Number of protein chains: 2
Amino acid sequence: MTTTGQRRSPRRTEALSRERIVGASVELLDAAGEGGLTFRALSERLATGPGAIYHHVANKDELLGAAVEAVVIEAVGAPGAQGTPEDAIRAVATGLFDAADAHPWLAPQLAGRIARSQWGTVVPRLFESLGRQIRALGAPEGAWFTATSALLHYILGAAGQNATNTEKAHALGPDTDRAEFLDAVSTAWERLDPDDYPFTRAVADQMRGHDDREQFLAGVDLMLAGIASLPPSGGTAT
Amino acid sequence: MTTTGQRRSPRRTEALSRERIVGASVELLDAAGEGGLTFRALSERLATGPGAIYHHVANKDELLGAAVEAVVIEAVGAPGAQGTPEDAIRAVATGLFDAADAHPWLAPQLAGRIARSQWGTVVPRLFESLGRQIRALGAPEGAWFTATSALLHYILGAAGQNATNTEKAHALGPDTDRAEFLDAVSTAWERLDPDDYPFTRAVADQMRGHDDREQFLAGVDLMLAGIASLPPSGGTAT
DNA sequence: ACCTGAACACCGTTCAAGT
DNA sequence: ACCTGAACACCGTTCAAGT
């Protein structure tokens, strides 16, 4: 009957909750990569035993999925995008691009989950927000599904690749920046066998000195151009 | 080089080799999924101890990478494609599509490896064979890299998704075929909240009764249309 | 109801010892 | 050089026991 709330207050500093567990998981993943997320490391960080976590989360796969969702939802947020459909699509794309860059474990995780159709709530969300804009763009109805999933696959794939470039550049040493790393990659490409890899060699120089974000958005625009070029209706004849 | 040679024949049924190990790994992955590949299960199948494998393979990650490569190389094979560049691209695409369908672990593995830039020898190979055709298509040089990686990301993403559909359909029971499974998915989509998911609901009906391979190739054609619509040169202005 | 933490059934990997 | 297989240092997960 003392103090403010007179319900027996928890003695522990903070009660365990799914939210707190997911938050700590994201921190662990950011700090130590995918291998860093362990029920033991997690329970130590939360000052409990490993078994306690199972009261809030079914298993590790669900926990990883929840971490993915938390990060993606924070990144793309509310649909409140203004401007043209193209702008709205670019906003979703850059949101994922930046999130993948900030959380290097994100893109491989998300790509793997999509490939396994473990969609959770986040894939339908992304699909929906991209698809609405494709519809607004006036794409023929028969192409909606194809165009939306092509766009989503590209965004995730390219965002992930960029994130890994960042990571590998850092791994080469704190002084090494992206440009230096990309230069190393394109030099390696230029050393490929001219008979087996003529195209890759020809393209190697394009990697050098190109802004990744710009390259990424050029890819998005390429897809938009493809969509815009579709005949106005009934593409999927049978 | 078979038994004919009279060099002291090994007493064991067959000497261990990287090739045999990779072959057994693919069998294990096909039979029991990604979790089925274990150094213990593998060594049992090969009638050795787990330690023996390390004489031919550095670690599990390399082993998985080798399994991916073996399957992909068998699928897309030699570049000897004839016909138009479009046909050659479709040949690579359907090769990967079928391989992903036959080996459900392939697409998630490959997607994850690309996202982590663990390219091995197979990603450059795919990149090269797709890129050559994009060049042959007359795409502007500034778009080669972007167009090729967009195409590769789409192919892997969509092929993986299809493979999972096959798997999940089988999991529902041997009698359940794809059409039945896709029907269940689109019914679920139609039950989504009309306020939050208007687009996904609108698209749900398209899933029903559509041939997956056809849908997949429609996506490839969409990308080709985007590439064809590019201005003839110097797209990447700065 | 929630938490504890020892215990279980596995892993990948190593390494002395064999041939 | 190649193989053996016990041993090591981990995992995710469970579960009796506590509060």
Side-chain angles (χ1 to χ4, degrees), chain A residues 5-29 31-68 105 108-109 112-113 116 118, chain B residues 1 5 7-29 31-68 105 108-109 112-113 116 118:
Chain A
Q6 63 280 65
R7 303 198 169 271
R8 59 208 67 160
S9 57
R11 272 201 247 122
R12 299 244 145 251
T13 53
E14 190 91 46
L16 221 48
S17 71
R18 193 181 154 99
E19 217 178 18
R20 250 166 55 86
I21 290 169
V22 172
S25 298
V26 171
E27 285 172 24
L28 229 35
L29 288 163
E34 205 157 322
L37 181 58
T38 280
F39 276 80
R40 273 164 250 260
L42 190 56
S43 59
E44 195 184 353
R45 199 182 189 93
L46 294 166
T48 29
I53 296 165
Y54 284 90
H55 284 270
H56 300 90
V57 146
N59 53 42
K60 190 175 181 179
D61 192 64
E62 192 197 293
L63 179 58
L64 262 166
V68 167
W105 48 274
Q109 260 301 310
R113 298 181 101 75
R116 270 177 257 110
Q118 298 178 277
Chain B
M1 39 193 114
R7 305 199 168 271
R8 61 205 66 156
S9 57
R11 271 201 248 119
R12 300 241 145 253
T13 55
E14 191 88 46
L16 221 47
S17 71
R18 193 180 154 99
E19 218 178 19
R20 249 165 56 85
I21 290 169
V22 172
S25 299
V26 170
E27 286 172 23
L28 229 35
L29 288 163
E34 206 157 321
L37 181 58
T38 280
F39 275 80
R40 273 165 251 260
L42 190 55
S43 60
E44 195 183 353
R45 201 184 188 91
L46 294 166
T48 30
I53 295 164
Y54 285 89
H55 284 271
H56 301 90
V57 147
N59 52 42
K60 190 175 181 180
D61 190 64
E62 193 197 292
L63 179 58
L64 262 166
V68 167
W105 48 273
Q109 261 300 311
R113 297 180 101 75
R116 269 177 256 110
Q118 297 177 278

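Source: prediction; values computed, not measured. Residue numbering restarts at 1 for every chain, and letters A, B, ... go by the order of the sequence lines.
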Value in whole Å for how far the [atom2] atom of [N] lies from [atom1] of [X]:
| X | N | atom1 | atom2 | result |
| --- | --- | --- | --- | --- |
| Leu16(A) | dT19(D) | CG | P | 19 Å |
| Leu46(A) | dC2(C) | CG | P | 16 Å |
| Leu42(B) | dG5(D) | CG | P | 16 Å |

How would you list, by chain and number, every residue that makes a side-chain hydrogen bond (donor to acceptor under 3.5 Å, both in side chains) with Glu34(B), sequence neighbours excluded?
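Glu34(B): side-chain hydrogen bond (donor to acceptor under 3.5 Å, both in side chains) contacts with Gln109(B).
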Residues two or more places apart in sequence or in another chain: which of them pass side-chain hydrogen bond (donor to acceptor under 3.5 Å, both in side chains) with Glu62(A)?
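Glu62(A): side-chain hydrogen bond (donor to acceptor under 3.5 Å, both in side chains) contacts with Arg18(A).
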Which pairs, with at least one residue in residues 51-60 of chain A and sequence neighbours excluded, count as a side chain to side chain donor-acceptor pair (under 3.5 Å)?
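Applying side chain to side chain donor-acceptor pair (under 3.5 Å) to every pair that reaches into residues 51-60 of chain A, excluding sequence neighbours, yields nothing.
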Between CG of Leu16(A) and CD1 of Ile21(A), what distance do you get to the nearest 0.5 Å?
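Going from CG on Leu16(A) over to CD1 on Ile21(A), the span is 4.0 Å.
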side-chain contact (heavy atoms from CB on, under 4.5 Å) partners for Arg45(A), two or more places apart:
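For Arg45(A) the side-chain contact (heavy atoms from CB on, under 4.5 Å) partners, ignoring immediate neighbours, are Ala24(A), Glu27(A), Leu28(A).
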Using salt bridge (charged side-chain N to carboxylate O under 4.0 Å, His left out) as the criterion, list what pairs up with Arg116(A), not counting sequence neighbours.
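None.
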Considering all heavy atoms, the nearest Ala41(B)-Gly36(B) contact:
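For Ala41(B) and Gly36(B), the tightest heavy-atom pair comes out as CB-O, 4.1 Å.
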Would you say a side-chain N or O of His56(B) is under 4.0 Å from OP1 or OP2 of dC3(D)?
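For His56(B), the contact criterion (side-chain N or O under 4.0 Å from OP1 or OP2 of dC3(D)) is met.
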Taking Watson-Crick (N1-N3 plus N6-O4 or O6-N4) and G-U wobble (N1-O2, O6-N3), each under 3.5 Å, can you produce the dot-bracket string of DNA chain D? Use [ ] for crossing pairs and | for inter-strand ones.
||.|||||...|||||.||
Can you name the atoms? Protein N/O to nucleotides 11-15 of chain D N/O, anything below 3.5 Å, with the distance.
{"unit_1": "dG12(D)", "atom_1": "OP1", "unit_2": "Lys60(A)", "atom_2": "NZ", "d": "2.6"}
{"unit_1": "dG12(D)", "atom_1": "OP2", "unit_2": "Phe39(A)", "atom_2": "N", "d": "3.1"}
{"unit_1": "dG12(D)", "atom_1": "N7", "unit_2": "Arg40(A)", "atom_2": "NH2", "d": "2.6"}
{"unit_1": "dG12(D)", "atom_1": "O6", "unit_2": "Arg40(A)", "atom_2": "NH2", "d": "2.8"}
{"unit_1": "dT13(D)", "atom_1": "OP2", "unit_2": "Tyr54(A)", "atom_2": "OH", "d": "2.9"}
{"unit_1": "dT13(D)", "atom_1": "OP2", "unit_2": "Lys60(A)", "atom_2": "N", "d": "2.9"}
{"unit_1": "dT13(D)", "atom_1": "O5'", "unit_2": "Tyr54(A)", "atom_2": "OH", "d": "3.1"}

